[in-house]
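Structure first, commentary second.
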Protein chains: 2
Amino acid sequence: MLDRELKKGSAELLILSLVETRARHGYEISKMIEARSGGTLKFNVASLYPLLYRLEKRGWIEGHWLEKAGQKRRRCYKLTKEGRKILKAQRTTWQSFVAAINQIAGLDNA
Amino acid sequence: MLDRELKKGSAELLILSLVETRARHGYEISKMIEARSGGTLKFNVASLYPLLYRLEKRGWIEGHWLEKAGQKRRRCYKLTKEGRKILKAQRTTWQSFVAAINQIAGLDNA
DNA sequence: AATAATATATCGCTATGTCACATATAACAT
DNA sequence: ATGTTATATGTGACATAGCGATATATTATT
């Protein structure tokens, strides 16, 4: 696992990105992050669930309970209109950030 | 300025990178970060100085006081042998981190 | 019957960036 | 002379957010 501190600030971008195309629940998001990063990134549930609540409270995602026979209850979150704006802005911010670090750390052609 | 949280974890990489080629003092490092990032990144002195002490305590950088006539006293830091190893590792970590985020956030071709 | 995978939840801890403030010298303008 | 800005270092209190550990409970697998 990467340095804990590196992850701060990128979590929101990850969550918002993952619920961009369709609604997903917490556990699914957690597994997707792990899988898509090839194990490089892993979000502890003690970070993930509170983060989902924060994002919902801010109106960037919207959750609803899903109860199906033969499944545990899940809370599925989808991106709101406001969330879509924020996601766009966060992508830009992320890219500026990476560019700045690469520039300073001499990783431009790395 | 970027999201405060994004910066956590990248600060060490920045400092170590900047003292890689030659010794520099805190104020100089602070100005370089601001200049090289085109103003995108700015480190508060209240983050920078304590970070320098931490890095020195860990033996990754080595500082010494420089007193010249016509100049305020400065504490110049240079990368140690150990620091050089750490810097190499942190560059790799950083690149893995960025690759993972880009992969998950759908920014591969952005 | 036991174990693992699924799914959500939270307390206490820790790390680290920031705000605001403090000190002090050198350079420059008025 | 006086004031302002840039240089240069330093710190106490605070806020944020990820993590380890732990908890609960259902479904699937062995």
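Just so we're on the same page: letters track the sequence lines, and every chain starts at 1. Just so it is clear, the values below take in all heavy atoms, side chains as well, and ignore hydrogens, waters and symmetry mates.
- Ion pairing of K42(A) with E34(A) is present here, as a side-chain N (NZ or NE/NH1/NH2) and a carboxylate O approach within less than 4.0 Å.
- Nucleotide dC21(C) holds its C1' atom 15 Å from the OH atom of Y49(B), rounded to whole Å.
- Between Q71(A) and R54(A), it is R54(A) whose nearest contact on DNA chain D lies nearer the 5' terminus.
- In this pair, Y27(A) and H25(A) present their aromatic rings parallel. The plane angle is below 30°, not in the 30 to 60° band.
- Taking the charged nitrogens against the carboxylate oxygens, E12(B) and R58(B) do have a contact shorter than 4.0 Å, which makes a salt bridge.
- Distance F43(A) CZ to dA17(D) C1': 10 Å, rounded to the nearest Å.
- Taking every side-chain heavy atom of R73(B) into account, dG10(D) is the closest of dG10(D), dG18(D), dA9(C).
- Computed from coordinates, the R74(A) CZ to dA25(D) C1' distance equals 15 Å when rounded to whole Å.
- Projected onto DNA chain C by closest heavy-atom contact, K8(A) and R75(A) fall at different nucleotides, the more 5' of which corresponds to R75(A).
- A salt bridge does not link E56(A) with K78(A): none of the charged nitrogens is closer than 4.0 Å to a carboxylate oxygen.
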Step by step, work out the side-chain contact (heavy atoms from CB on, under 4.5 Å) result for W60(A) and L79(A). CA-CA 6 Å; W60(A) 301 355; L79(A) 202 60; 5.6 Å; no
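- Side-chain to base pairing of K72(A) with dA25(D): one donor and one acceptor N or O lie within less than 3.5 Å of each other.
- When rounded to the nearest whole Å, the span between CG of L6(A) and C1' of dG17(C) equals 14 Å.
- At whole-Å resolution of the value, CG in L13(A) and P in dA17(D) are 14 Å apart.
- Each of dC19(D), dA7(C), dT9(D) was ranked by its minimum atom distance to the side chain of S47(A); first place goes to dC19(D).
- Residue Y53(A) places none of its side-chain N or O atoms closer than 4.0 Å to OP1 or OP2 of dT8(C).
- Distance CG (N44(B)) to P (dA20(C)): 10 Å, rounded to an integer number of Å.
- The distance from atom OH of Y27(B) to atom P of dT5(D) is 13 Å, rounded to the nearest whole Å.
- A straight line from CG of L51(A) to C1' of dA9(C) spans 15 Å, rounded to a whole angstrom.
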